[in-house]
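Notes follow the structure.
Numbered from 1 within each chain, the chains take letters A, B, ... in sequence-line order.
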4 protein chains.
Amino acid sequence: MEHIGVGLIGTGYMGKCHALAWTNVLPVFGEGPLPRLVHLAEANADLAGARAKALGFEKATGDWRELIADPDVDVVSITTPNAFHPEMAVAALEAGKHVWCEKPMAPAFADAEAMAKSAKTSGRVAVLGYNYIQNPIIRHIESLLTLGAIGTVYHIRLEMDEDFMASAKTPFSWKNEAAAGYGALDDFAVHPLSLLMTLFGPVGRVFTHMSKPYPNRPTYDGVPREVENFDIASVLFELASGISGTLAVSRASWGRKGRIAIQIFGSLGSILFDQERMNEAQLYTTTDESANQGFRTILAAPQHAPYDRFIPAPGHGLGFNDLKTIECRELLNAIAGAPARVIDFERGLEIERAVHAMAASHEQQKWIEVGTQ
Amino acid sequence: MEHIGVGLIGTGYMGKCHALAWTNVLPVFGEGPLPRLVHLAEANADLAGARAKALGFEKATGDWRELIADPDVDVVSITTPNAFHPEMAVAALEAGKHVWCEKPMAPAFADAEAMAKSAKTSGRVAVLGYNYIQNPIIRHIESLLTLGAIGTVYHIRLEMDEDFMASAKTPFSWKNEAAAGYGALDDFAVHPLSLLMTLFGPVGRVFTHMSKPYPNRPTYDGVPREVENFDIASVLFELASGISGTLAVSRASWGRKGRIAIQIFGSLGSILFDQERMNEAQLYTTTDESANQGFRTILAAPQHAPYDRFIPAPGHGLGFNDLKTIECRELLNAIAGAPARVIDFERGLEIERAVHAMAASHEQQKWIEVGTQ
Amino acid sequence: MEHIGVGLIGTGYMGKCHALAWTNVLPVFGEGPLPRLVHLAEANADLAGARAKALGFEKATGDWRELIADPDVDVVSITTPNAFHPEMAVAALEAGKHVWCEKPMAPAFADAEAMAKSAKTSGRVAVLGYNYIQNPIIRHIESLLTLGAIGTVYHIRLEMDEDFMASAKTPFSWKNEAAAGYGALDDFAVHPLSLLMTLFGPVGRVFTHMSKPYPNRPTYDGVPREVENFDIASVLFELASGISGTLAVSRASWGRKGRIAIQIFGSLGSILFDQERMNEAQLYTTTDESANQGFRTILAAPQHAPYDRFIPAPGHGLGFNDLKTIECRELLNAIAGAPARVIDFERGLEIERAVHAMAASHEQQKWIEVGTQ
Amino acid sequence: MEHIGVGLIGTGYMGKCHALAWTNVLPVFGEGPLPRLVHLAEANADLAGARAKALGFEKATGDWRELIADPDVDVVSITTPNAFHPEMAVAALEAGKHVWCEKPMAPAFADAEAMAKSAKTSGRVAVLGYNYIQNPIIRHIESLLTLGAIGTVYHIRLEMDEDFMASAKTPFSWKNEAAAGYGALDDFAVHPLSLLMTLFGPVGRVFTHMSKPYPNRPTYDGVPREVENFDIASVLFELASGISGTLAVSRASWGRKGRIAIQIFGSLGSILFDQERMNEAQLYTTTDESANQGFRTILAAPQHAPYDRFIPAPGHGLGFNDLKTIECRELLNAIAGAPARVIDFERGLEIERAVHAMAASHEQQKWIEVGTQ
C-alpha cells in the first residue's frame with residue numbers, strides 16, 4: 001500500500017494529537033504508506049472546515065457519517081467524548097474501515113463488548129489509543145523484565161494523579177455525574193492498567209475503595225450540587241500470575257500534572273518510572289557490587305527503539321505527542337498484517353473489564369474476580 | 001531535678017541509639033537534668049561490662065532485674081527484642097521507674113494492653129521510641145497543616161519499604177515465624193502509623209492484603225522451610241476524621257533502605273516527605289501564582305525547631321540518631337511534667353490496635369473497624 | 001501568503017529535525033502559511049530521492065545549487081556540516097531566498113561575517129537554528145526575569161556537557177582536527193551563549209582554559225594520532241551589563257547526554273534549569289515565607305506559551321523536536337514581518353564573536369574583550 | 001591511654017560541634033580513650049561557667065591562657081574566630097598540648113606558616129577541622145577512585161554555595177571588611193580544596209575572578225558602606241597531576257544552604273556529590289551495559305565505614321555533626337600514633353597557600369602557580 005486514507009472525527013486534545021501523528025509518522029519512521037489526510041468531521045461544518053484547513057485535511061464535514069461513507073477513507077481516528085465511541089466505531093467497522101479509537105472504549109461495558117464484537121466480525125484492525133505503552137522507555141523496561149534484569153517480579157505499585165479536580169471551586173460538570181462513569185477510575189485507571197497488562201498480563205482480582213474530596217461542587221448558577229462519582233480511587237489487586245500490588249488514582253492531587261508512577265519489585269532488583277519524567281527509568285539491580293548499589297537513572301537514548309527514529313542523540317527527550325506517532329506506526333503495522341504493539345478492542349475489553357470489577361468491588365465491599373462481576 | 005539516673009537494657013541497634021541520645025541530650029539542648037548513666041544490662045555479665053565501658057555506664061549486669069532494682073536508676077531504656085518488652089516494662093513501672101521502650105510494644109495485643117494498664121496504674125512516664133515524629137521537618141509539616149497551608153486534607157498515601165528480606169537467599173529466621181507476628185506489618189506499619197496518627201488522629205477502618213515473595217526460604221541446614229508470615233502488606237484505610245488513604249509496607253523492596261514516603265493531599269495544596277531524604281519536605285501550594293506553582297523542596301533549617309539546637313546553619317542536615325536525642329528531650333519534658341511530644345503507652349496501644357485490625361482484615365477479607373477486631 | 005515553498009539541504013540529524021518542523025508547524029499552531037515541501041538536496045541524487053520520498057518533498061537533487069535556483073523555493077533550510085554553511089547561505093540569500101541555517105555559522109569567523117553581510121545586503125530573513133531559546137520553559141524563565149521575580153541578576157553559571165568524546169577508544173575523527181575548530185568550544189558554547197545573550201545581553205570579556213582528556217586517539221588503522229583541539233573548555237566571563245559568571249563545556253563528561261545546566265542568581269532569588277529535564281525549571285524566591293523557602297520545580301504547562309499549542313494539559317512534556325517546530329513558527333513570523341523570537345545572522349555573529357574571543361583568551365592566557373580579539 | 005583531657009576554647013557553632021564530638025566519640029566507636037571534658041574557655045567567666053555546665057565540662061574560665069596552662073588538659077579544641085587561631089594554637093602547642101583547630105588557619109598566610117612551624121617544632125598533633133573529608137560517602141568515593149571505578153580522572157568541577165550574603169539588606173559586618181580576608185574565597189574555598197587535595201593531590205596553578213553583588217551594604221546607622229571583599233569567586237585550576245577543573249564559590253546564592261557540589265569526570269565514568277544530600281553519591285560507570293547506563297544514587301550504608309559505627313541499617317542517614325565525631329576519632333588515632341585521616345597544619349598550609357594564590361591571581365589577572373605568589 002502506497003497511500004492510506006485517513007478520516008478524523010473530533011479535533012480536541014486527542015484529535016489534534018492524532019492529526020499530528022498522521023502527519024509525522026512517515027517522515028519520522030521513513031517508511032510505510034503515505035497517510036493522505038482525506039476527511040475531517042467536527043460538530044458543525046464551519047468548525048470542521050476551519051480545522052481541516054489548519055490540520056491539512058482535504059475535506060470537512062459536520063456529519064461524521066459522511067466521513068465514514070467516504071470511499072477514500074481507509075482508517076478512522078475517533079477522538080470524540082467516550083459516549084460517542086460505540087456508535088462511531090461500530091459504524092466505521094461495518095463500513096469496512098479500520099478504526100483507531102481513543103480510550104476508554106465506552107462508559108457502559110455492554111457497549112464496549114459490542115465494539116469488540118463488531119471488530120471481530122468486521123475483520124478490520126481496531127485499535128485503542130493507549131499511547132503510554134509506546135514510550136521507548138517503557139519498551140526498555142519491558143525488555144529489562146524479559147531479560148530477567150530484576151528477576152521474578154512479585155509486587156507492583158501504580159499511581160496516576162492529576163489535579164484538575166483538586167480545587168473545591170472547580171464547578172460541577174458532566175464529569176461529576178454518575179452517567180459519566182465512576183470518576184477517577186474511568187478517567188485514569190485504564191492507563192496504568194494498559195501498562196500493567198502489557199508488562200505483566202491479566203488482572204486476577206481487585207478490592208477497591210473510592211472517595212471524594214468534596215461532597216458538593218458549585219454549579220454555574222451558584223447552587224451546590226452533589227458530586228455523583230469519585231475523584232479518588234484506591235485498589236488492591238492480584239494479577240492472574242499471582243503478583244500482588246496497589247493501584248491509586250486521583251484527579252484531585254494538587255501538584256500532580258501527569259504523574260503515572262510505577263514501582264516494580266522483583267527478586268533481583270527494582271524498576272521505577274514516572275510519566276512526568278517520561279524520558280527516564282530507574283533501575284536497581286543486585287548484580288551491581290554491594291557497596292555501589294543504587295537506583296540508576298537511565299535516560300532515553302537511541303538504544304531504546306524507536307527513540308532513534310526521532311533523535312539520533314541520547315538524552316534529548318521525546319515529548320508526549322511523539323508517543324502517539326509511535327502508536328500510529330504500530331497501527332500501520334497492524335493494518336499491514338505485521339507484528340504490532342497495539343491494544344486492540346479485544347485486549348481493550350480486558351482493561352475495561354478490570355475497571356468495572358474495581359467499581360463493583362467498591363459497591364460490594366469485597367474482592368471481585370475480574371470477569372465475574 | 002539536677003540529675004536523672006539512667007538504666008539501659010539491651011545494647012543492639014536501638015540500645016546504642018538510646019545511649020547516644022542520653023549522652024547528647026544535655027549538650028545539644030543546653031538545659032534540663034544531667035543524665036547520669038548508671039546501669040546497663042545485657043544478655044550476660046561480660047558483654048554488659050564491655051558495653052558499659054564503651055557507652056559510659058557506671059555499672060553493668062547480666063540480670064536486667066538487678067538494674068530495675070537499682071535505686072539510682074530513675075528511668076529505664078528498654079531496647080531488647082519485642083517479646084521481652086512487656087515483662088521488662090511492667091517490672092520497671094512497678095518498681096517506680098519511668099520507662100522508655102522501643103516499639104512495637106509487644107507481639108501480642110493483650111501484652112501491650114497490660115503494659116498500658118501498668119503505666120496508668122504506676123503514674124510513671126511510659127513512652128515509646130517513635131523517633132520519626134521528632135524530625136524537625138515532620139514538625140514543620142505539622143505546623144504547615146495546622147496553619148492550613150494546604151487547606152483541608154482529604155487523602156493520604158504512605159509507604160514504608162526496606163529490602164532486608166528481598167533476596168530469596170536470605171535464610172529463614174525467627175522473623176519469618178508466625179510467632180514473630182505478621183511480618184512487614186509488625187516491623188514497619190507502626191512507623192507510618194505513628195506519623196499518621198500524630199498528624200491526623202485515629203484510624204477508623206482498614207482493609208488489608210498481605211503477600212509474600214517467597215513461600216519458602218532456605219534454612220541453614222539447606223532444607224527449605226515455609227515462610228509463616230508476610231513480607232509485604234497493602235492497606236486501604238479511612239481515618240476517624242473521614243480522610244481516606246493507602247498504606248503500603250514491604251521488607252522486600254530492593255533498593256529501598258529506609259524509605260518512609262508520605263503524600264498528603266489537601267484542598268489548597270500537597271505535601272511530600274521521604275525519610276531517605278529526611279532533611280527535606282516538599283510543599284505545593286495554590287497560593288503561588290498559577291504559572292509558577294510547583295513542588296518546592298524545603299531544606300531543614302533553624303526555623304524548624306529544634307534543628308537549631310543541633311546546628312545554627314540551614315541545610316546542613318540532621319542524622320537518624322539525632323531524632324532519638326530529640327525524643328529523649330521530649331521524654332525528659334514528660335518526666336518534668338512539661339508539655340511533651342511523645343507517644344506514651346496509651347497512645348501506643350492505639351497504634352498497635354490499628355496494626356492488629358489490619359491483620360484481622362487480611363484474615364477475614366473484609367473492612368475492620370479499628371477497636372472492634 | 002498562503003503557501004511557502006521549502007527547500008532542505010542535508011537530511012542528517014538536523015535535516016530531519018527541520019523537515020519535521022516544516023511538517024508540524026501549521027497543524028501545531030493552526031495558522032500561518034502552509035509549508036509546501038518543494039525540494040530536497042542531498043550528497044547524491046539517489047539518496048536525495050529516497051529521503052524526499054520519506055520526508056514528503058516533491059523534488060530531489062544531488063546538486064544543492066539546483067535547489068537554490070528553484071523558483072518554487074522561498075526558504076532554504078541548511079543543515080549540512082558547518083564548513084558548507086557559508087557558501088550555501090550566501091548563495092541562497094543572493095538568489096533571494098530566506099535562509100534557516102543550523103549553527104554555528106562557520107568554522108572561520110571571516111566566513112560568518114560574510115554571511116551576516118550577505119544577509120544584510122539581501123534584505124531576506126536569515127535565521128540560525130538556536131532551538132533551545134524556544135523552549136516554553138526558557139521563555140517562562142525570561143518572563144520571570146523581566147518581572148523581577150528574582151530581582152537583579154548578578155551571577156550566572158552555565159554548563160553544557162555530553163559524553164560522545166569521553167571514551168579513550170573513540171577513534172580520531174575530523175572533529176579532532178584543528179581545522180574543525182576549537183573542539184567543545186565550537187560544538188557546545190554557542191548553545192549556552194544563545195541562552196545567555198537572549199536572556200542577559202552581550203558578553204563583555206572572557207578568560208578561558210581548555211584541556212583534553214587524551215592527547216592522542218587511535219586512528220582506524222591503529223596508529224595513535226595527536227588530538228588537535230580540546231574536548232573541554234572552562235570560561236570565566238563578565239557580561240557587558242557587569243554580571244559575572246562561568247561557562248563550562250565538555251564533550252567528554254561520561255553520563256551527560258544533553259545537559260545544559262543554568263544557574264541564575266539574583267538579589268531576590270535564583271532560577272535553575274537543565275535541558276536534560278527540559279520541561280522543568282526551578283525557582284527559589286525570597287517572597288516565600290522564610291520557613292517555607294525552597295527551590296520549586298515548575299513543570300511546563302499551557303501557561304507557558306506556546307506549550308498550549310502542542311498539548312492542552314500541563315506536565316505532559318514537550319520533546320526536543322518540538323523546539324524546532326516553535327523555531328520554525330518564529331521564522332515564519334520573521335518572514336511575515338511580525339515580531340519574532342529568532343537569532344538572525346547579525347545576532348548570531350555576536351555569539352560567534354564571543355566564542356572566538358574565548359579561544360583567543362586560551363591562546364593568549366589573558367582576559368579578552370569580546371570584539372577586540 | 002585510658003583518658004584524654006580536653007580543653008575547649010569557644011562555644012559557638014563549631015565549639016558546640018566539638019563538644020558533641022568529644023562526647024560521642026567513645027560511645028560511637030566503642031573503643032579508644034575516654035575523653036574527659038576538663039576545661040572550657042569563653043569570652044568571659046560567666047558565659048564560660050554556663051556553657052561548661054551545659055556541655056559537661058568540669059572547669060570554666062574567661063581566660064583561655066588558664067585553660068592552656070591546665071595540666072589536666074591534653075588536647076585543645078580551638079573554635080574561636082579565625083583571627084585568634086594563631087596565637088592560641090601556638091600557645092597550646094608550646095605548652096605541649098595537642099591542638100584541634102577550626103579552619104581556615106589564619107587570615108594572614110604568615111600566621112598560618114607560623115602555626116605550621118610551631119606544630120612541627122612541638123612534636124604534638126595539630127589537626128584542622130576539615131570535617132567534610134570524613135563523610136563515609138566521601139571515603140567511598142575515594143575508594144571508588146582508588147579502585148579505578150571511573151578510570152583516569154581528567155576533569156573536576158567544584159562549587160560551594162550558601163546564601164547568607166545574598167540579600168542586599170544584610171548589613172555591613174566585619175565579614176565585609178578587607179581585614180577579614182577575600183570574602184567567599186576564605187569562607188568557602190578551603191572546604192572544596194580540602195576534598196580536592198585529599199582525593200587528587202596538590203593544586204598546580206589557578207586563575208581567579210571575584211565579584212560582589214552589592215558594592216555597598218547598609219550599616220546599622222543607615223549609612224551605606226563600601227564592601228571591601230568579594231562574595232563570589234570563580235576559579236580555573238590545574239592540579240599538579242594535570243587534571244583541569246573549575247571551582248566556584250559564593251555566599252550570595254539564594255537557595256543554597258550548604259551546597260558543596262562535586263563533579264568528577266574520568267575515562268570510564270563520572271561521580272557526583274552534593275553536601276546538601278550528604279548521604280548520597282552518584283556513580284556513572286561504563287561497565288554497565290550500554291542501554292542501562294545511568295547515574296546511580298548510592299545511599300550511605302554500613303559498607304561505607306565508619307557509617308556502621310553510627311547505624312547498622314543502610315540509608316538511614318548521618319548528620320552534619322556526625323562528621324565531626326568521625327574527625328575526632330581520627331584525631332585520637334593521630335594522637336595514638338596510628339594511621340589517621342586528618343589534615344594537619346602542614347597539609348592545611350597547602351590549602352591556605354592555594355587560597356592565597358587564587359586571591360593573588362585575581363589581583364594580578366594572570367595564572368598563578370601555587371607556592372610562587
Side-chain angles (χ1 to χ4, degrees), chain A residues 150-155 157 159 161 163 166-169 205 207-214 230-238 242-248 250 252-257 261 263-272 282-286 293-296 361 365-367, chain B residues 150-155 157 159 161 163 166-169 205 207-214 230-238 242-248 250 252-257 261 263-272 282-286 293-296 361 365-367:
Chain A
I150 63 166
T152 304
V153 171
Y154 46 70
H155 194 60
R157 294 197 195 127
E159 293 168 272
D161 298 309
D163 64 5
S167 172
K169 293 178 188 160
R205 61 177 191 145
F207 186 94
T208 303
H209 180 54
M210 301 200 281
S211 60
K212 53 185 88 168
Y214 311 110
F230 301 93
D231 298 319
I232 299 169
S234 307
V235 182
L236 310 180
F237 65 78
E238 275 185 339
I243 295 172
S244 67
T246 59
L247 168 64
S250 165
S253 292
W254 274 123
R256 302 308 197 185
K257 305 302 180 183
Q263 303 180 61
I264 305 169
F265 300 108
S267 57
L268 300 176
S270 302
I271 293 173
L272 310 178
Q282 292 200 71
L283 171 66
Y284 182 99
T285 164
T286 53
Q293 289 176 12
F295 280 99
R296 94 177 59 141
S361 166
Q365 301 211 28
K366 63 174 190 182
W367 284 97
Chain B
I150 62 165
T152 303
V153 171
Y154 46 71
H155 194 60
R157 294 198 195 127
E159 294 168 274
D161 298 310
D163 63 6
S167 172
K169 293 178 187 157
R205 60 177 191 145
F207 186 93
T208 303
H209 181 55
M210 301 199 282
S211 60
K212 53 185 88 170
Y214 311 109
F230 300 93
D231 299 319
I232 300 170
S234 307
V235 183
L236 310 181
F237 65 77
E238 275 186 339
I243 295 173
S244 67
T246 58
L247 169 63
S250 166
S253 292
W254 274 123
R256 302 307 196 187
K257 306 300 181 184
Q263 302 180 61
I264 305 169
F265 300 107
S267 58
L268 300 175
S270 302
I271 294 173
L272 311 178
Q282 293 201 71
L283 170 66
Y284 182 99
T285 165
T286 53
Q293 289 177 12
F295 280 100
R296 96 176 57 140
S361 167
Q365 301 212 27
K366 63 174 190 183
W367 283 98

Closest approach of B/L236 to A/V235 (non-hydrogen atoms, all atoms of both residues):
CD2-N, 4.4 Å

Least distance between heavy atoms, B/S253 atom then A/S270 atom:
C-OG, 4.2 Å

So what's closer than 4.5 Å to chain A heavy atoms on B/Q263: side chain, backbone, both or neither?
side chain

Which portion of B/L268 sits near chain A, non-hydrogen atoms under 4.5 angstrom:
backbone

Are any side-chain N or O atoms of A/W254 and backbone N or O atoms of B/T285, one a donor and one an acceptor, separated by less than 3.5 Å?
no

Which residues share a side chain to side chain contact (heavy atoms under 4.5 Å, CB included) with B/A248, sequence neighbours left out:
A/R157, B/E159

Gap between atom CH2 of A/W367 and atom CD of B/Q365 - 0.5 Å precision
7.5 Å

Here the gap from B/S234 atom OG to A/H155 atom NE2, rounded to the nearest 0.5 Å, amounts to 4.0 Å

Residue [X] versus chain B: region with a heavy atom under 4.5 Å:
X	result
A/K257	side chain
A/T286	side chain
A/E238	side chain

Looking at [options], which makes the most heavy-atom pairs under 4.5 Å with chain A?
options	answer
B/L272, B/T152, B/D163	B/L272
B/K169, B/H209, B/M210	B/H209
B/A252, B/S167, B/S250	B/A252

Who wins among [options] for the most heavy-atom pairs under 4.5 Å with chain B?
options	result
A/S244, A/S211, A/P213	A/P213
A/F207, A/F295, A/F265	A/F207
A/I243, A/D161, A/I150, A/T246	A/D161
A/G255, A/A166, A/G151	A/G255

Going by the rule salt bridge (charged side-chain N to carboxylate O under 4.0 Å, His left out), which residues pair with B/R256 if we only count those two or more places apart in sequence or in a different chain?
none

Between A/Y154 and B/Y214, what is the ring plane arrangement, given parallel below 30°, perpendicular above 60°, and tilted in between?
perpendicular

